[in-house]
Amino acid sequence: MEICNKEKADIVIIGAGIIGLSIAYHILRVDPKRSITVLEKDKILGMGSTGKCTGGIRYQFSSPLLRRLSLLSRDFFLKFESTFDTPIWYSEKGNLMLAANEVLWNQLQITSAQAKVDGIPMKLLNQEELLNYYPYLHKDNFLGGTVCPWDAYADPYAVLAGLYASIRRHKVDVLLGWEATKIIIEEDKVKGVETPQGTIWSPIIVNAAGPHAAQLAAMADIILPVQPFRRQIYVCSNPKDLQKNAPTIIDLASGFYLHQEASGKTVLLGGTDQDTWPGFEEVVDKSVVEEFFLAAMEIIPSAMDIKWLRTYTGICEQTPDLHPVMGEAPGLKGLFLANGFSGNGFMHAPAVGRILSDLILKGGTKLIDVSLLTPDRFAKGTQME
């Protein structure tokens, strides 16, 4: 059993995934003397959502706020290897977003225009241009698409490992196998957190618990509309006519994506199981395999010849409006929320770390308007779009 060398900490972060470690790292960049303890219920680092995600980084969002989070995270990924002296296999291969109907095509045109105002190089492709650049696509199924050369890939576990090594050099306690069982509250302030191994007293607690965020918030009587969903990812051989270093393909209508791994020999397929399997059980449902590959062939006809190598599952936490919850919990001083990233947690973790660092150390941030992301927006009917 790991033993904590402190009974007190200035800040306790619950969750040692990419969000929790990014918050710790960015706090220490501003105040390296701040005492931080990170609690993680799993006994091995990277066993949660971070270790199972596909590592995509993108800027092509219709939401201005999500585009902003991507832009705020860009330098972190670009400079990661020189900053942390850790390879993360960062590669800007681009994402190809496909529109199968007029509504989606119109949305891509609007998003492309907005992205250019933000300084994002998002290129609009009509049907003829799309098939000219990407002849392996189904020739009848798409009206057009967009591609952004900034969209990228990085290895999620390598990023997590780099952050972990950095904060450990600053003497941060990362306690694996320590599950938070109670948040201690006096009047309207948090005082600490209980675990089976003991109590850690702290005036600041950060909920970075990923798919378990709602259960943790409930310990403080906070209703957090974050729900876990199981996502299946299929590892397959590369379609025969898909060239190496092809962009990640995303069909906006079905949610299907194809991400080619660095070797160019295998691809990761997923995305058709949106909102299908709520819960924490990471099991593979083979009953949907045929349906999934039929969907794949509607995007890339040569997918009929690929070999299915294996399938694994991960858990994605999601909010009703697919935007995160961030900031200090309403009516409870000292409890900060960083939850509900709806599949975008890895790519937006650097921005989240910067924002939470500002909120905790400075009492506010100029990076985004966090008032838009309070957990009570759903009850008030002011969801993000």
Side-chain angles (χ1 to χ4, degrees), residues 11 13-30 36 38-40 42 45-59 61 63 65-81 83-84 86-90 150-168 170 172 174 206-213 226 231 314-319 322-327 336-361 365 367-368 370 373:
I11 302 166
I13 298 172
I14 301 174
I18 193 72
I19 296 293
L21 296 196
S22 177
I23 293 169
Y25 169 77
H26 283 91
I27 289 172
L28 292 170
R29 287 194 67 194
V30 178
I36 301 174
V38 182
L39 305 181
E40 171 55 55
D42 288 325
L45 192 71
M47 294 300 290
S49 296
T50 302
K52 306 283 180 61
C53 78
T54 55
I57 298 165
R58 68 183 172 106
Y59 298 82
F61 288 100
S63 161
L65 187 137
L66 297 182
R67 289 198 303 272
R68 174 66 175 161
L69 293 178
S70 293
L71 287 167
L72 288 171
S73 300
R74 180 166 172 76
D75 277 355
F76 177 88
F77 288 114
L78 288 174
K79 299 175 181 177
F80 191 96
E81 295 193 2
T83 302
F84 294 87
T86 300
I88 60 170
W89 296 275
Y90 178 84
W150 284 3
D151 289 342
Y153 164 82
D155 185 287
Y157 192 81
V159 175
L160 191 70
L163 285 169
Y164 175 80
S166 177
I167 67 174
R168 290 291 292 137
H170 283 84
V172 171
V174 181
V206 181
N207 180 347
H212 301 275
V226 173
R231 299 283 187 256
I315 304 297
C316 169
E317 88 265 24
Q318 190 169 300
T319 62
L322 304 181
H323 282 68
V325 172
M326 282 196 281
F336 289 84
L337 308 172
N339 312 116
F341 295 95
S342 304
N344 303 318
F346 171 69
M347 72 181 80
H348 290 158
V352 176
R354 292 173 62 185
I355 292 163
L356 266 292
S357 172
D358 279 355
L359 295 176
I360 292 168
L361 299 180
T365 184
L367 297 173
I368 64 167
V370 292
L373 301 177

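Below, all heavy atoms of this structure are taken into account, side chains as well, without hydrogens, waters or symmetry copies. Keep in mind that this is a model prediction, so the values were computed, not measured.
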One pair to check against side-chain contact (heavy atoms from CB on, under 4.5 Å): I368 and L373. What are the steps and the verdict? CA-CA 10 Å; I368 64 167; L373 301 177; 3.8 Å; yes
Can you tell me if R354 uses its side chain to pair, donor with acceptor, with the backbone of L72 under 3.5 Å? yes
Closest heavy-atom contact between V159 and A154? CG2-CB, 4.5 Å
From CA spacing to verdict: side-chain contact (heavy atoms from CB on, under 4.5 Å), V174, I167: CA-CA 9 Å; V174 181; I167 67 174; 3.8 Å; yes
Out of curiosity, I14 CD1 to H212 NE2, how far, rounded to the nearest 0.5 Å? 12.5 Å
Answer whether the closest heavy-atom distance between the side chains of L78 and W150 falls below 4.5 Å. no
Flag, side chain of T86 to backbone of G162, donor-acceptor distance under 3.5 Å: no
Pick one: which of Y153, Y157, F77, F341 meets ring-ring contact (aromatic ring centres under 6.0 Å, His included) with F346? F77
For the student: nearest non-hydrogen atoms of C316 and S342, plus distance: SG-C, 3.7 Å
Closest heavy-atom pair, L66 versus P324, reported as atoms and distance to 0.1 Å, is CD2-CD, 4.2 Å
Between H348 and S73, is there a donor-acceptor pair closer than 3.5 Å when you use the side chain of the first and the backbone of the second? no
Below 30° counts as parallel, above 60° as perpendicular, anything between as tilted: where do the rings of F80 and F84 land? parallel
side-chain hydrogen bond (donor to acceptor under 3.5 Å, both in side chains) involving S63 - partner list, sequence neighbours excluded: H323
Can you name the residues that form a salt bridge (Lys or Arg N to Asp or Glu O under 4.0 Å) with R67, not counting sequence neighbours? D118
In Å, rounded to the nearest 0.5 Å, how long is the span from CD1 of I360 to CD1 of I355? 12.0 Å
T365: side-chain hydrogen bond (donor to acceptor under 3.5 Å, both in side chains) partners, not counting sequence neighbours: D358
Aromatic ring pairing F76/Y25, orientation class (parallel under 30°, perpendicular over 60°, tilted between): perpendicular
The salt bridge (Lys or Arg N to Asp or Glu O under 4.0 Å) partners of R74 (sequence neighbours excluded) come to E92
CD1 of I11 to CG of L356: how many Å apart, nearest 0.5 Å? 10.0 Å
Working to the nearest 0.5 angstrom, can you tell me the gap between L45 CG and L160 CG? 4.5 Å
Specify the closest pair of heavy atoms between P350 and M347, including all atoms of both residues, with the distance to one decimal. CD-O, 3.7 Å
For A16 and L21, which heavy atoms make the closest approach, and how far apart are they? O-CG, 3.8 Å
Which residues share a side-chain hydrogen bond (donor to acceptor under 3.5 Å, both in side chains) with T319, sequence neighbours left out: D321
D155: salt bridge (Lys or Arg N to Asp or Glu O under 4.0 Å) partners, not counting sequence neighbours: none
I'd like to know if the side chain of Q318 reaches the main chain of G343, judged simply by a donor and an acceptor atom lying under 3.5 Å from each other, with no hydrogens or angles considered. no
Has the side chain of R58 got a donor or acceptor atom that lies under 3.5 Å from a matching backbone atom of N344? no
Would you name the heavy atoms of N207 and N339 that are closest together and state the gap between them? O-ND2, 2.9 Å
